Visitor: 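My questions will all concern the structure given below.
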Amino acid sequence: MESQPHIRDISGNTALDEAQRVKRFEERIQAGERIEPKDWMPDVYRRQLTRMISQHAHSEVVGMYPEGNWITRAPTLRRKLGLLAKVQDECGHGLYLYCAAETLGVDRSDLTDELLSGKAKYASIFNYPTLSWADIGVIGWLVDGAAIINQTPLAKCSYGPYARAMVHICKEESFHLKQGYEIVTKLAQGNSAQKEMVQESVNRWWWPVLMMFGPSDSDSSNSEDLMRWKVKLFSNDSLRQRFVNGSVAQAKAVKLTLPDPDLRFNEESGNWDYGTINWDEFWQVVKGHGPCNRERMRMSRKKHNDGRWVREAARAYSARHPEK
Ligand code: FAQ
């Protein structure tokens with residue numbers, strides 16, 4: 001866990017003032033008040049939010065690549081339009097989130113540099129390949145489904161700009177979930193090749209999707225700060241459990257099997273118990289050694305370089321027309 005000098009160092013007057021500010025800040029959070037950009041906030045809160053929001057923004061942007069890969073190969077015009085709209089939505093989410101991060105006093109270009117240098121993380125799930133059309137359905141159903149479970153509480157988090165961005169984002173993610181589940185349903189009701197394709201896709205994505213919720217609570221180094229200050233309202237494991245509970249019924253409804261022999265309903269807890277997650281795989285992916293990490297970074301750098309002229313033109317235009 002990162003140190004919290006303001007709270008612990010209360011030896012001098014200045015530090016005492018700081019401690020009082022922290023106390024007042026925490027009282028506001030406990031009372032359910034929103035923290036806004038110009039309000040005083042502890043450095044650790046600012047740093048944690050900047051880290052989390054910027055990584056979230058990077059995830060939305062990198063998250064366009066696996067699905068973008070299928071836009072030209074969508075089976076019908078209707079599917080192409082749906083997928084195109086979804087990928088554009090993800091781009092928009094990235095932009096809202098970069099704006100939310102900038103309210104904390106950072107510059108978007110610095111955040112982009114951190115992504116491109118490999119310093120900043122983005123969601124592990126986007127380092128897996130999209131090998132079949134069924135993957136597009138399964139991403140909408142499971143990946144967006146997991147994102148909704150994880151992000152709906154963030155719409156009630158303590159930091160105003162992040163919470164407000166999440167309201168809009170979650171509405172769009174709900175549409176993504178529906179379009180994905182519809183693709184999955186159609187394939188699951190299709191011919192044997194289609195059924196096999198969608199089951200194979202679920203088999204590949206299930207475990208990486210469970211990893212999206214982050215390490216188990218005992219290994220989640222940031223949760224203590226984030227939960228105390230009501231950025232995260234629920235722990236990684238509790239959201240993962242909520243997702244598993246919901247997914248079991250959804251899979252059953254379309255006669256698909258979740259690839260976990262240990263999945264069992266626990267009468268006592270009312271939850272679906274699930275098997276052991278391969279945390280070694282998770283950390284390998286997070287550290288840059290997943291199946292597509294290199295490709296995602298290559299693409300990110302290429303897109304950044306390809307867009308250079310647009311940024312330069314926009315800067316030149318606003319320099320010539322400062323009133324606009
Ligand atoms: N991937 O202490 P914790 C989407 C890192 S958007 C990579 O538990 P925290 C929409 C973590 O950064 C998906 N790294 O961390 C879409 C930390 O390292 P650090 C993104 C991960 O922040 C759908 C270390 O492990 N969603 O899907 C991951 O308390 C379809 C220790 O972990 C968000 O960003 C991971 N999965 O909890 C787009 C939601 N998990 O930074 C396109 C907001 C953990 O200290 C298509 N974020 N790490 O060096 C969150 O809710 C939290 O940040 C968590 C992680 C839950 C992701």
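Both counts, for ligands and for their atoms, begin at 1 and track the order of listing. Given the structure is predicted, the values throughout are model-derived calculations rather than measurements.
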Visitor: Are Y65 and F126 an aromatic pair, judged by ring center distance below 6.0 Å?
Guide: no
Visitor: Tell me which pairs pass ring pair (Phe, Tyr, Trp, His ring centres under 6.0 Å) where either residue lies in residues 303-324, with sequence neighbours left out.
Guide: Y317-H321
Visitor: Find all protein N or O atoms under 3.5 angstrom from an N or O atom of ligand 1 and list the pairs with distances, or write 'none'.
Guide:
from     : atom 1 : to   : atom 2 : distance (Å)
ligand 1 : 1 (N)  : S124 : N      : 2.8
ligand 1 : 1 (N)  : S124 : OG     : 3.3
ligand 1 : 2 (O)  : S220 : OG     : 3.2
ligand 1 : 2 (O)  : S221 : N      : 3.1
ligand 1 : 2 (O)  : N222 : N      : 2.9
ligand 1 : 2 (O)  : N222 : ND2    : 2.9
ligand 1 : 8 (O)  : S220 : OG     : 2.6
ligand 1 : 8 (O)  : N236 : ND2    : 2.8
ligand 1 : 12 (O) : R51  : NH1    : 3.4
ligand 1 : 12 (O) : Q55  : OE1    : 3.0
ligand 1 : 15 (O) : N222 : ND2    : 3.4
ligand 1 : 18 (O) : K121 : NZ     : 3.4
ligand 1 : 22 (O) : R51  : NH1    : 3.2
ligand 1 : 22 (O) : R51  : NH2    : 2.9
ligand 1 : 29 (O) : K232 : NZ     : 2.5
ligand 1 : 36 (N) : S124 : OG     : 3.2
ligand 1 : 36 (N) : M212 : O      : 3.2
ligand 1 : 37 (O) : K232 : NZ     : 3.0
ligand 1 : 41 (O) : R51  : NH1    : 2.8
ligand 1 : 41 (O) : Q55  : NE2    : 3.2
ligand 1 : 45 (O) : N222 : ND2    : 3.1
ligand 1 : 49 (O) : K121 : NZ     : 2.5
ligand 1 : 51 (O) : N150 : OD1    : 3.4
ligand 1 : 51 (O) : N150 : ND2    : 3.0

Visitor: What's the spacing between L83 CG and W70 CH2 if we round to 0.5 Å?
Guide: 10.5 Å
Visitor: Any pair with a residue in residues 197-206 that passes side chain to side chain donor-acceptor pair (under 3.5 Å), sequence neighbours left out, goes on the list, sorted by first then second residue, please.
Guide: D135-S201, D135-R204, D135-W205, Q199-N203, E200-R204
Visitor: Under the salt bridge (charged side-chain N to carboxylate O under 4.0 Å, His left out) rule, what pairs show up with a residue in residues 115-132, not counting sequence neighbours?
Guide: E114-K119
Visitor: Please state whether the rings of W141 and Y181 are parallel, tilted or perpendicular, taking 30° and 60° as the class boundaries.
Guide: tilted
